[in-house]
Number of protein chains: 2
Amino acid sequence: MADNPIFTYTQPEESTGYLLWQVTMGWHLRMNQQLRPVGLTLTQFSLLAGLYWLSRQGEVVTQQRLADYAHTDRMMTSKVLQTLEKKGLVARRSNPHDGRAKQLQLTDAGEGLLRQAHAVMQQADGQFFGPLGAEAGLFNQLLARLMG
Amino acid sequence: MADNPIFTYTQPEESTGYLLWQVTMGWHLRMNQQLRPVGLTLTQFSLLAGLYWLSRQGEVVTQQRLADYAHTDRMMTSKVLQTLEKKGLVARRSNPHDGRAKQLQLTDAGEGLLRQAHAVMQQADGQFFGPLGAEAGLFNQLLARLMG
DNA sequence: CTACTTTTGTAGTCGCGACTACTAAATCAT
DNA sequence: ATGATTTAGTAGTCGCGACTACAAAAGTAG
């Protein structure tokens with residue numbers, strides 16, 4: 001095999017995408033750990049939050065609409081919403097005007113848990129991105145890279 | 001349920017972490033799509049690349065060492081390396097000096113595929129972060145947020 | 001040397017996240 | 001109105017990514 005090096009750089013952190021990935025995975029892990037006591041995953045939280053937002057604007061929210069909004073695919077969204085329904089956090093009625101669509105609604109329990117989760121997330125997010133955040137090292141590398 | 005709003009902001013994109021997540025997931029998806037013809041996932045690529053880097057510095061690379069370097073956990077790393085071994089891209093000998101550890105080495109096939117994958121990644125990464133990147137919208141939102 | 005602790009790797013589970021493939025309902029074209 | 005296409009949702013698969021729990025080897029303390 002040839003001896004000329006494969007990479008022109010010497011550290012993976014020199015790739016912007018890789019750095020972005022490392023930082024985001026760290027954030028993702030932290031958020032999930034903080035949410036665990038509440039009994040939600042980050043994905044479940046973001047779908048609940050998306051549903052809340054869209055509902056609050058008066059929309060009739062279908063699974064596809066929510067998936068578009070949250071940038072998740074409809075197959076995954078379908079499964080997570082089934083989980084959330086089993087937990088009693090959302091209701092999935094069939095839409096009288098469209099036999100295909102499911103009409104989503106936050107239950108009172110769902111709204112309560114979302115409120116709880118949001119408080120946790122606010123706190124955790126601040127810690128992560130704040131000046132004293134444990135991930136400050138990688139994140140600051142990312143900042144330097146994006147601005148340089 | 002109380003009518004006071006849960007969120008003080010009105011769009012999920014106002015959360016730095018969420019925006020970071022969206023952008024990174026977009027990048028992750030793109031990289032995996034580009035790598036598919038090569039027959040690698042992004043994670044497999046990054047472990048191969050990490051192994052290459054460490055080996056090139058003369059280290060005797062164990063799974064734990066590679067996991068630390070790539071910021072992956074050792075359980076996942078173990079499984080992905082078993083996959084890579086089955087594909088004939090890495091060798092996992094047992095270390096004579098440490099009965100617990102596996103000594104990792106890129107095979108010639110592994111180095112060849114890594115070289116191929118790297119070319120693909122360079123190209124894809126440039127497209128993603130370049131001025132004409134399809135994800136420019138979200139990414140530029142992220143930039144603005146991080147700098148503003 | 002023996003007992004305790006730490007380290008390395010593995011098996012198996014859960015929940016995404018991206019797929020393919022499918023059903024059924026709505027819409028569009030003629 | 002009927003045939004073709006599009007759209008909403010579901011089932012099942014694969015590969016992470018984080019876990020728990022475990023086995024075995026190495027290191028450490030007495």
Side-chain angles (χ1 to χ4, degrees), chain A residues 21-48 60-87 90 92-104, chain B residues 21-48 60-87 90 92-104:
Chain A
W21 190 26
Q22 296 297 330
V23 172
T24 302
M25 287 298 101
W27 173 80
H28 188 266
L29 175 56
R30 185 72 57 88
M31 295 303 115
N32 272 321
Q33 285 170 343
Q34 297 294 316
L35 280 176
R36 183 174 316 179
V38 182
L40 287 177
T41 64
L42 180 57
T43 301
Q44 289 167 8
F45 170 76
S46 72
L47 289 182
L48 285 180
V60 172
V61 187
T62 64
Q63 293 188 178
Q64 185 61 60
R65 174 68 181 112
L66 182 54
D68 290 343
Y69 187 68
H71 301 106
T72 54
D73 71 46
R74 70 179 189 290
M75 292 74 81
M76 194 268 282
T77 306
S78 169
K79 279 165 197 166
V80 174
L81 284 171
Q82 287 174 42
T83 305
L84 293 176
E85 188 182 38
K86 274 179 210 142
K87 290 186 181 185
V90 299
R92 290 161 72 238
R93 311 173 209 289
S94 44
N95 188 325
H97 303 299
D98 188 335
R100 299 166 304 180
K102 298 276 185 182
Q103 193 167 328
L104 303 174
Chain B
W21 190 27
Q22 296 296 331
V23 171
T24 303
M25 287 300 101
W27 173 80
H28 188 266
L29 175 57
R30 185 72 57 88
M31 295 304 115
N32 272 321
Q33 285 171 342
Q34 296 294 315
L35 279 175
R36 182 173 317 177
V38 182
L40 288 177
T41 65
L42 180 57
T43 300
Q44 289 167 9
F45 169 76
S46 73
L47 288 182
L48 285 181
V60 172
V61 186
T62 64
Q63 294 188 176
Q64 184 61 58
R65 175 68 181 112
L66 182 53
D68 289 344
Y69 187 68
H71 303 106
T72 53
D73 71 47
R74 74 179 187 288
M75 291 75 80
M76 194 268 283
T77 306
S78 169
K79 279 165 197 167
V80 174
L81 284 170
Q82 287 175 42
T83 303
L84 292 175
E85 188 181 38
K86 274 179 210 144
K87 290 186 182 186
V90 299
R92 290 160 71 239
R93 311 173 209 287
S94 45
N95 188 325
H97 303 299
D98 188 336
R100 299 166 302 178
K102 298 277 185 182
Q103 193 167 329
L104 303 174

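In what follows, every chain begins at residue 1, and chains take the letters A, B, ... in the order their sequences are listed.
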- Message: Can you tell me how far apart NZ (B:K87) and CG (B:L40) are? Round to the nearest 0.5 Å.
- Response: 5.5 Å

- Query: Could you give the NE2-to-P distance, from B:H97 to D:dA24, as a whole number of Å?
  - Reply: 23 Å

- Quickly work out the B:E85 CD to C:dG9 C1' distance and round it to whole Å. 13 Å

- Task: Nearest whole angstrom, please: distance from the C1' of C:dG15 to the CE of A:M31.
- Result: 18 Å

- Item | Close side-chain approach of B:M76 and B:T43, heavy atoms under 4.5 Å | yes

- Query: Taking only side-chain nitrogens and oxygens of A:T62, does any of them come within less than 4.0 Å of OP1 or OP2 of D:dA8?
  - Reply: no

- A:T62 and A:A101 have their tightest heavy-atom pair at CG2-CB, 3.8 Å

- Hey, does A:Y69 have a side-chain heavy atom less than 4.5 Å from the side chain of A:V61? no

- Message: Is A:T41 close enough to C:dC16 that one of its side-chain N or O atoms is under 4.0 Å from OP1 or OP2 there?
- Response: yes

- side-chain hydrogen bond (donor to acceptor under 3.5 Å, both in side chains) against A:Q33, all qualifying residues, sequence neighbours excluded: none

- Atom CG in B:L84, atom CG in B:L48: separation rounded to 0.5 Å? 5.0 Å

- Send over the distance from B:Q103 CD to C:dT8 P, rounded to a whole Å. 14 Å

- Any chance you could list the contact pattern along nucleotides 17-25 of chain C? Use B for base contacts, S for sugar-phosphate-only contacts and - for none, protein heavy atoms under 4.0 Å, 5' to 3'. BBBB----B

- Message: Can you work out whether A:Q44 or B:R65 has the more 5'-proximal nearest nucleotide on DNA chain C?
- Response: B:R65

- Item | Nearest-Å distance for atom pair CG/P, residues B:L48 and D:dC16 | 11 Å

- Query: Start at the 5' end of DNA chain D and walk down; is the nucleotide closest to B:N95 or to B:V80 reached first?
  - Reply: B:V80

- Query: Can you check whether B:L42's main-chain N or O pairs, donor with acceptor, with B:N32's side chain at less than 3.5 Å?
  - Reply: yes

- For the residue pair B:L81 and B:V90, what are the closest heavy atoms and their distance? O-CG2, 3.9 Å

- Query: Can you find a side chain N or O atom of B:Q63 that sits less than 4.0 Å from OP1 or OP2 on C:dT7?
  - Reply: no

Give me the distances for all protein-to-nucleotides 1-3 of chain C N/O pairs that come in under 3.5 Å?
none

- Note on the structure: Separation of C:dT8 atom C1' from B:L81 atom CG, nearest Å, is 13 Å

- Could you state the CZ-C1' distance from B:R93 to C:dG9, rounded to the nearest angstrom? 18 Å

- Query: Is the shortest side-chain N/O distance from A:S78 to OP1 or OP2 of D:dT10 below 4.0 Å?
  - Reply: yes

- Note on the structure: Per side-chain contact (heavy atoms from CB on, under 4.5 Å), B:V80 is matched among B:E85, B:M75, B:Q44 by B:Q44

- Message: What contact category does A:T83 fall into here, base, sugar-phosphate, or nothing, at under 4.0 angstrom with non-hydrogen atoms?
- Response: nothing

